[in-house]
Amino acid sequence: MEIWKTIAINDLKRFGVLESSLTSINERIEALNSKMEGGSLSVNKLPVQGGGTSQEDKWNDCITLKGNLLRQKKSKQLEYNAIKRALACLTDDERKVLNYAYINRSQGHMERIMRAMCVEKTRAYELKDEALSSFVMAMYGE
């Protein structure tokens, strides 16, 4: 169970970054599509001495980069969806605790949990452990 908790903590810490990366990947794909469709890459030039033109090389680079970004997007989207689905299985209080403790962690996160849940420090740590255990169960079945 401890290995799953460590993995879960890392997943929760990356959750916000995953969302941001998906937005960035989508924007990069959109920019590449625009570049490929908008005529900034022209294929009107003939190859010189049997080799490809620099425009063809740029076109191929765009195609390769787009393919890599689409694979990355699929991987990150699956990971993001799994975390989001596991969080949806938790109570509002458990999500709030995990948000303060891991997802949007800031200095004084335990104090934030104590204030939000109206509990003492010892109970705040218990709530954090319970919420993490619930997340591990929802995410990994352990």
Side-chain angles (χ1 to χ4, degrees), residues 1-48 51-142:
M1 175 76 145
E2 288 305 312
I3 186 72
W4 293 115
K5 283 186 177 183
T6 301
I7 293 169
I9 290 168
N10 289 330
D11 285 346
L12 289 166
K13 287 179 178 179
R14 285 193 346 266
F15 185 62
V17 175
L18 280 172
E19 188 171 27
S20 176
S21 72
L22 285 168
T23 301
S24 296
I25 290 170
N26 284 330
E27 289 171 354
R28 295 277 315 269
I29 291 170
E30 189 176 317
L32 284 171
N33 286 338
S34 178
K35 187 175 185 179
M36 292 167 70
E37 294 169 2
S40 65
L41 291 178
S42 171
V43 290
N44 296 343
K45 298 184 181 179
L46 294 173
V48 179
T53 65
S54 63
Q55 289 298 92
E56 286 176 327
D57 290 341
K58 289 177 184 176
W59 187 268
N60 286 333
D61 289 346
C62 282
I63 292 170
T64 301
L65 180 55
K66 183 179 174 183
N68 290 339
L69 286 169
L70 288 169
R71 280 188 294 283
Q72 193 70 348
K73 177 184 173 182
K74 183 178 180 181
S75 170
K76 298 300 178 197
Q77 189 68 59
L78 290 170
E79 192 175 351
Y80 176 82
N81 290 346
I83 296 169
K84 190 172 182 177
R85 193 171 32 258
L87 287 169
C89 294
L90 307 181
T91 67
D92 289 341
D93 285 345
E94 288 172 328
R95 278 192 299 276
K96 188 182 295 186
V97 168
L98 292 178
N99 183 50
Y100 290 150
Y102 304 110
I103 298 170
N104 291 306
R105 185 178 183 141
S106 63
Q107 189 171 2
H109 66 279
M110 289 309 296
E111 287 75 18
R112 286 176 66 196
I113 293 171
M114 291 165 52
R115 278 193 307 275
M117 307 308 288
C118 300
V119 295
E120 296 295 321
K121 196 170 201 168
T122 304
R123 182 64 184 140
Y125 279 100
E126 290 170 357
L127 290 173
K128 185 175 92 165
D129 290 342
E130 291 167 8
L132 183 59
S133 293
S134 294
F135 178 76
V136 167
M137 179 59 78
M139 185 78 173
Y140 311 107
E142 281 292 318

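In what follows, residues are counted from 1 in the order of the sequence shown. Basis for what follows: all heavy atoms, side chains included, without hydrogens, waters or symmetry-related copies.
- Put simply, the side chain of Ser75 never gets that close to the backbone of Arg71: no donor and acceptor are under 3.5 Å apart.
- A distance of 7.0 Å separates NZ in Lys128 from CD1 in Ile9, rounded to the nearest 0.5 Å.
- The closest side-chain donor-acceptor pair between Asn81 and Gln77 falls under 3.5 angstrom.
- The heavy-atom pair separating Ala124 from Val119 by the smallest distance is N-CG2, 3.8 Å.
- Ser34 places no side-chain N or O within donor-acceptor distance of the main-chain N or O of Glu30, the cut-off being under 3.5 Å.
- Arg28 contributes atom CZ, which lies 13.5 Å from atom NZ of Lys66 (distance to the nearest 0.5 angstrom).
- What you find for Ala131 and Leu90 is that their closest heavy atoms are O-CD1, 4.4 Å.
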(request) Dump the intermediate steps for side chain to side chain contact (heavy atoms under 4.5 Å, CB included) on Glu130 and Val97, then the final yes or no. (result) CA-CA 10 Å; Glu130 291 167 8; Val97 168; over 6 Å; no

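- A distance of 6.0 Å separates OH in Tyr140 from CD1 in Ile7, rounded to the nearest 0.5 Å.
- Under a cut-off of 6.0 angstrom, the local environment of NZ in Lys73 is sparse, with at most 12 non-hydrogen atoms contributed by other residues, nucleotides or ligands.
- Exactly one residue among Leu12, Ile83, Asp11 makes a side chain to side chain contact (heavy atoms under 4.5 Å, CB included) with Ile103. That residue is Leu12.
- Among all heavy-atom pairs drawn from Ala138 and Ala86, the shortest one is CB-O, 3.7 Å.
- Atom CG of Asn26 is separated from atom CG of Leu70 by 9.0 Å, given to the nearest 0.5 angstrom.
- Counting all heavy atoms, side chain and backbone alike, Leu32 lies closest to Cys62 at CD2-SG, 3.8 Å.
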(request) Could you please spell out the steps behind the side chain to side chain contact (heavy atoms under 4.5 Å, CB included) verdict for His109 and Asn104? (result) CA-CA 9 Å; His109 66 279; Asn104 291 306; over 6 Å; no

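- No donor-acceptor distance shorter than 3.5 angstrom exists from the side chain of Asn99 to the backbone of Arg95, with no hydrogens or angles considered.
- Across all non-hydrogen atoms, the minimal contact from Met139 to Ala82 is SD-O, 3.5 Å.
- Atom CD1 of Ile113 is separated from atom CZ of Arg115 by 10.5 Å, given to the nearest 0.5 angstrom.
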(message) Assess the residue pair Lys58 and Asp61 against the criterion (salt bridge (charged side-chain N to carboxylate O under 4.0 Å, His left out)); give the C-alpha distance rounded to whole Å, side-chain angles, the decisive distance to 0.1 Å, and a yes or no.
(response) CA-CA 5 Å; Lys58 289 177 184 176; Asp61 289 346; over 6 Å; no

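- Within the model, atoms CD of Glu120 and CD of Glu126 stand 11.5 Å from one another, a figure rounded to the nearest 0.5 Å.
- The backbone N or O of Val17 lies less than 3.5 Å from no partner atom in the side chain of Ser20, so there is not a single donor-acceptor pair.
- Counting only heavy atoms from C-beta outward, the side chains of Lys84 and Glu19 never approach each other to under 4.5 Å.
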